Amino acid sequence: MRLDNMLLAEGVSGPEKRGRGGPAAIAATSGGCPNDNSIEHSDYRAKLSQIRQIYHSELEKYEQACSEFTTHVMNLLREQSRTRPISPKEIERMVNIIHGKFSTIQMQLKQSTCEAVMILRSRFLDARRKRRNFSKQATEVLNEYFYSHLSNPYPSEEAKEELAKKGGITVSQVSNWFGNKRIRYKKNMGKFQEEANIYAAKTAVDATNVVAQGNQASSPPTPNSGEYRKAVFKMELVFSATE
DNA sequence: TTGCATGATTCCTG
DNA sequence: CAGGAATCATGCAA
């Protein structure tokens, strides 16, 4: 009966439900707007419900066939009972045999449904972790923003959307990228120096704007606000630069 | 095949 | 909940 449990867990059998607690729900963790994966997820859900539908219609078909066949056999037995005596035991035995046959067929159906679900999952959900490097365009856009806002590399939600659109990636990918970039840049600035120079030369424009804005915003940097962290980031940069 | 680069995930903090 | 830090897993050049 493990198959039953699995199908139930996958939402194939049992009542209709959306958004299970499985890996599908994890996709939107840090800085992840759930909408980012909605395309993928709706696709996944569509396929799952397709499997579900097939499973249920097949199941129904089998059940119907089973009962039809049973009544058919019963009729035959009744016919035969005219020519020879048939005990109720014998009838019961026949019925049991028929039900046994159909239940093995059902088992096979469940098994193949399970397989289909597994394949679907590996296709969609595990693909999450399949890493693809961003396009040149995307990294270009992201780096440009990062190095031109080096004093405050924290794009606003709007800026992230803009970058996402320009780079052809999702907003949460932008968030991931900036998260990785900040930490890795801070870890060893030396490695990024060349890159920094390239992009600084490219757009040495609004640095002053950002500084002005940053100063204005951080005038009362409440320890709890994001401004506080940003200020810390700046200071740490200054410290590591003087070493 | 190996080592590093890099995108994604997880855990934790304020 | 956004971001930092550590870690995982893959891509890719050497």
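Worth knowing before you read on, the calculation uses all heavy atoms, side chains too, and leaves out hydrogens, waters and symmetry mates. What you are looking at is a predicted structure, and each value in this text was computed from that prediction instead of being measured. In what follows, every chain begins at residue 1, and chains take the letters A, B, ... in the order their sequences are listed.
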Quiz item: Are OP1 or OP2 of dG7(B) and a side-chain N or O of Q173(A) less than 4.0 angstrom apart?
Solution: no
Self-check item: Bend angle of the helix from dT1(B)-dA14(C) to dG14(B)-dC1(C), from helix axes over five pairs at each end, nearest 10°
Solution: 10°
Quiz item: Who pairs with F146(A) by ring-ring contact (aromatic ring centres under 6.0 Å, His included), at least two apart in sequence or on another chain?
Solution: Y185(A)
Exercise. Using side-chain contact (heavy atoms from CB on, under 4.5 Å) as the criterion, list what pairs up with N188(A), not counting sequence neighbours.
Key: K191(A), F192(A)
Quiz item: Looking across every strand, which nucleic acid part, if any, lies under 4.0 Å from F134(A) by heavy atom: base, sugar-phosphate, or nothing?
Solution: sugar-phosphate
Quiz item: Can you tell me if the side-chain N/O atoms of Y185(A) get under 4.0 Å from OP1 or OP2 in dA5(C)?
Solution: no
Quiz item: To the nearest angstrom, how far is N188(A) atom CG from dA6(C) atom P?
Solution: 13 Å
Quiz prompt | Interatomic distance where CG belongs to L163(A) and P belongs to dG7(B) [whole Å] | solution = 14 Å
Self-check item: hbond_proxy N180(A) side chain to dA8(B) base (donor-acceptor, 3.5 Å cutoff)
Solution: yes
Practice problem: Mind checking ring-ring contact (aromatic ring centres under 6.0 Å, His included) for F178(A) and listing every partner two or more places apart, or none if nothing turns up? | Solution: Y145(A)
Quiz item: Given that K187(A) and P155(A) both sit by DNA chain C, which one's nearest nucleotide is further toward the 5' end?
Solution: P155(A)
Quiz prompt | Protein-nucleotide distance (E158(A), atom CD; dA2(C), atom P), rounded to Å | solution = 13 Å
Quiz prompt | Closest listed nucleotide, where the reference is the side chain of R132(A) and the choices are dG11(C), dA5(B), dG7(B) | solution = dG11(C)
Exercise. Whole angstrom is fine here: how far is it from CD1 in I183(A) over to P in dA2(C)?
Key: 18 Å
Self-check item: Partner residues of I183(A) under the side-chain contact (heavy atoms from CB on, under 4.5 Å) criterion, sequence neighbours left out
Solution: none
Quiz item: Is K160(A) touching bases, backbone alone, or none of the nucleic acid, heavy atoms closer than 4.0 Å?
Solution: sugar-phosphate
Self-check item: Listed partners of K61(A) passing side-chain contact (heavy atoms from CB on, under 4.5 Å), at least two apart
Solution: E58(A)
Practice problem: Can you measure from CG (L142(A)) to CG (N176(A)) and round to the nearest 0.5 angstrom? | Solution: 11.0 Å
Quiz item: Rounding to a whole Å, what distance do you find between K186(A):NZ and dG3(C):C1'?
Solution: 10 Å
Quiz item: Looking only at N and O atoms, is any donor in the side chain of R184(A) or the base of dG7(B) less than 3.5 Å from an acceptor on the other one?
Solution: yes
Self-check item: Rounded interatomic separation in angstrom, taking NZ from K191(A) and C1' from dT6(B)
Solution: 13 Å
Quiz item: With no hydrogens and no angle check, is any side-chain donor or acceptor of H56(A) less than 3.5 Å from a backbone partner on R52(A)?
Solution: yes
Self-check item: Proximal nucleotide (of dG4(C), dA6(C), dA8(B)) relative to the N176(A) side chain
Solution: dA8(B)
Practice problem: State, with a plain yes or no, whether a side-chain heavy atom of C66(A) is found less than 4.5 Å away from one of H99(A). | Solution: yes
Quiz item: Rounded to the Å, how far apart are K181(A) NZ and dA5(B) P?
Solution: 11 Å
Exercise. Looking only at side-chain atoms of N133(A), point me to the closest of dG4(C), dA8(B), dC12(C).
Key: dC12(C)
Quiz prompt | Interatomic distance, L142(A) CG vs dT6(B) C1' [rounded to whole Å] | solution = 12 Å
